[in-house]
Number of protein chains: 2
Amino acid sequence: MATVLDVARRAGVSSATVSRVLSGHGNVGAETRERVLQAVRDLDFQPNRFAQGLRRGRGNTVALLVGDIEQSVYSALTKHLQVALGEIGLDLMLYNLDHSAERLRTILEAAPAMGLRGVALASTDVIPMATVGPLLRALQQRAITVIAIGQRLHRAGIPSIVHEERAAGRRAVAYLVEQGRAPVAYVGRIAGSAVGSERYRGYCAALAAAGLALRPELVSDVSYRFAAGYEGTSRVLAAAPDVRGVQAGSDELALGAMAAIRDHGLRVPEDVAVVGFGNIDWGAHVRPALTTLSVHPATVAHAVAALLRDGAGGPLLQVIARTLVLRGSA
Amino acid sequence: MATVLDVARRAGVSSATVSRVLSGHGNVGAETRERVLQAVRDLDFQPNRFAQGLRRGRGNTVALLVGDIEQSVYSALTKHLQVALGEIGLDLMLYNLDHSAERLRTILEAAPAMGLRGVALASTDVIPMATVGPLLRALQQRAITVIAIGQRLHRAGIPSIVHEERAAGRRAVAYLVEQGRAPVAYVGRIAGSAVGSERYRGYCAALAAAGLALRPELVSDVSYRFAAGYEGTSRVLAAAPDVRGVQAGSDELALGAMAAIRDHGLRVPEDVAVVGFGNIDWGAHVRPALTTLSVHPATVAHAVAALLRDGAGGPLLQVIARTLVLRGSA
DNA sequence: CTGAAAGCGCTTACAG
DNA sequence: CTGAAAGCGCTTACAG
């Protein structure tokens with residue numbers, strides 16, 4: 001592997017000059033610069049990342065911490081972030097939290113020594129800021145850009161990029177009510193999810209605006225995935241046979257809900273309409289196709305990249321609007 | 001951030017001794033070791049990754065290159081590999097290939113300078129070995145462990161971990177035939193997929209064994225995702241109205257196929273049975289639930305970790321068996 | 001068993 | 001505009 005010294009020798013200059021040409025810092029004569037670049041090409045020189053990192057005090061890697069890479073929100077985000085970071089020369093290190101606060105802490109504790117450029121925390125789980133807050137602040141103090149995705153941590157001084165949750169939930173439930181789908185159940189408040197409770201508040205707001213009562217038996221607290229949607233909906237159907245609409249806390253939950261409704265001998269949407277959350281890729285391909293609220297991973301990815309590129313001083317809170325995507329299920 | 005020198009001073013030893021204690025190489029007196037470990041704890045010392053990497057010539061990072069992180073096979077693999085690598089102290093860098101050979105080449109060209117410990121190439125696309133082969137060999141020559149996942153590159157000297165494809169495809173199609181589902185269509189040979197054509201050969205073998213003719217109008221070449229399954233199946237249904245079974249090249253394609261069958265006014269499985277490939281997470285939750293062939297990401301992940309841990313000398317080819325997972329669709 | 005010293009490959013004040 | 005030199009924080013032969 002060629003070193004900066006090899007390049008310097010071949011170009012007849014010092015290693016300092018090579019470094020200046022490559023970094024763009026400091027002035028170098030046009031002809032000298034050309035000679036250096038030619039030598040770089042000849043030797044196929046690529047700077048050693050460790051040496052660079054050691055000297056500069058940090059590297060080109062951003063850690064992305066996701067709740068669960070198998071969930072579509074996170075894999076879509078990962079994909080787009082990978083592209084957006086690639087465009088500004090940054091690499092992506094992936095950490096799967098598996099919704100574990102313990103794992104989050106472990107990772108954040110190891111982060112300072114890793115020379116990261118930034119940490120993007122994409123988790124909708126409630127974060128125990130008492131223990132995690134100091135860790136995040138420690139990262140910021142070493143000039144590591146910390147960004148929250150999907151959760152509002154801007155009050156703790158962490159730039160946050162989120163989708164609208166409450167307003168979106170309210171809009172979707174209002175739509176169900178307008179379509180004559182009351183009583184509407186809410187499946188998937190998701191205990192422990194910061195986002196889940198926001199969506200649920202949207203549900204409550206929509207009911208209140210329509211003058212409908214909040215019936216506890218119509219609300220199901222479940223966890224994230226399919227089976228939870230199935231079980232939660234089954235329970236609601238048993239407790240409230242008059243339910244005509246279901247707002248699910250996620251598309252996965254919505255799919256489970258649809259299965260439960262059908263296994264209950266009812267039809268979607270004729271008997272019970274279903275709305276999901278998150279516009280998952282297969283949502284358009286199940287039958288009936290899923291009506292849901294959009295998500296915008298590319299927009300998030302670009303916002304993250306911009307924050308990393310420009311350093312501190314960016315907006316502390318960016319809220320991305322969602323659209324109600326109408327398909328067959330509601 | 002504490003350095004090894006800080007630790008040395010606090011423990012009253014030299015930095016060499018600290019390094020020896022931490023690495024486990026070289027003998028250190030029991031009492032000295034204790035003093036060093038205490039100092040490490042006191043100062044919360046974590047070795048600087050760049051300095052370590054520069055000195056050792058490589059780091060603790062493994063690059064995982066996946067075809068498309070949004071496909072369930074890859075996200076499940078990523079999740080399990082993350083855990084398996086974590087257990088042996090390695091980090092995971094993720095690169096999304098987006099099924100682009102061009103991108104693969106770009107990434108592999110940048111890899112040597114990154115001080116990677118290993119490169120795990122999880123792609124089922126046909127790899128242009130004329131250009132990519134030399135890049136992989138260059139990595140191996142710098143003692144970077146290269147591992148192929150999902151595709152057999154063992155003849156090129158690259159340890160490969162794969163699932164059985166042909167035998168599994170044959171078994172599934174034979175099952176459809178046994179159940180009286182002939183003629184069986186094959187949707188998703190997937191031009192450009194090394195794995196897709198293996199699965200298709202299993203289909204051919206099953207037909208031959210059953211004495212059935214290979215009817216070209218029953219075979220659809222499509223790309224990976226849902227929409228392709230929908231279109232491919234629509235075409236097959238139009239060209240061969242007598243079709244009674246569909247073997248899909250993936251679960252995504254199977255879901256598209258089920259939608260197409262239903263939009264055609266037919267029922268799954270009564271009129272047309274469908275078998276997928278890959279046991280995707282939502283497969284059990286659609287209705288009818290998807291019959292499919294299993295996949296074993298945890299097994300793959302452990303095999304990869306073992307190869308990284310033990311370095312060269314491991315098995316060149318590991319084949320993981322698949323099970324036919326019977327559910328409602330066939 | 002332990003330490004002094006060199007060196008991995010960069011970058012950046014400093015000097016000219 | 002350019003170069004000589006120091007130094008980032010480790011690890012490892014080498015010497016004792």
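Below, chain A is the first sequence line, B the second, and so on; all start at residue 1.
A donor-acceptor pair shorter than 3.5 Å cannot be found between the side chains of B:Q52 and B:N48.
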| task | Begin with the C-alpha distance, continue with both residues' side-chain angles, and end with the deciding distance and a verdict on side chain to side chain donor-acceptor pair (under 3.5 Å) for A:Q71 and A:H99. | result | CA-CA 11 Å; A:Q71 287 176 248; A:H99 298 298; 2.8 Å; yes
| query | Does the side-chain contact (heavy atoms from CB on, under 4.5 Å) test come out yes or no for A:L153 and A:I127, once each step is laid out? | reply | CA-CA 9 Å; A:L153 299 182; A:I127 293 173; 4.1 Å; yes
| request: Using the salt bridge (Lys or Arg N to Asp or Glu O under 4.0 Å) rule, take A:R103 and A:D98 through it: C-alpha gap first, then chi angles, then the decisive distance, then the call. | output: CA-CA 8 Å; A:R103 232 178 107 57; A:D98 243 333; 5.8 Å; no
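Of the residues listed (B:R9, B:R35, B:R10), the one engaging B:D42 in a salt bridge (Lys or Arg N to Asp or Glu O under 4.0 Å) is B:R10, and it is the only one.
Considering CG of A:L108 and CG of A:L139, their distance stands at 6.0 Å, rounded to 0.5 Å.
Applying the salt bridge (charged side-chain N to carboxylate O under 4.0 Å, His left out) test to every pair with at least one member in residues 43-60 of chain B, sequence neighbours left out, gives these pairs: B:R49-B:D91.
Within a 6.0 Å sphere centred on CZ of B:R41, heavy atoms belonging to other residues, nucleotides or ligands number more than 12.
If you check every strand for non-hydrogen atoms under 4.0 Å, B:T32 touches sugar and phosphate atoms only. Heavy atoms of B:N48 sit under 4.0 angstrom from primed sugar atoms or phosphate atoms, though from no base atom.
Taking the 5' to 3' direction, DNA chain D first and last meets chain A under 4.0 angstrom from a heavy atom at D:dC1 to D:dG9.
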| Pair pattern of DNA chain C in dot-bracket, where unpaired bases get dots and | marks partners in another strand, Watson-Crick or G-U under 3.5 angstrom | |||.||||||||.|||
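Taking the nucleotide of DNA chain D with the nearest heavy atom to each of A:A30 and B:Q46, the more 5' of the two is matched to A:A30.
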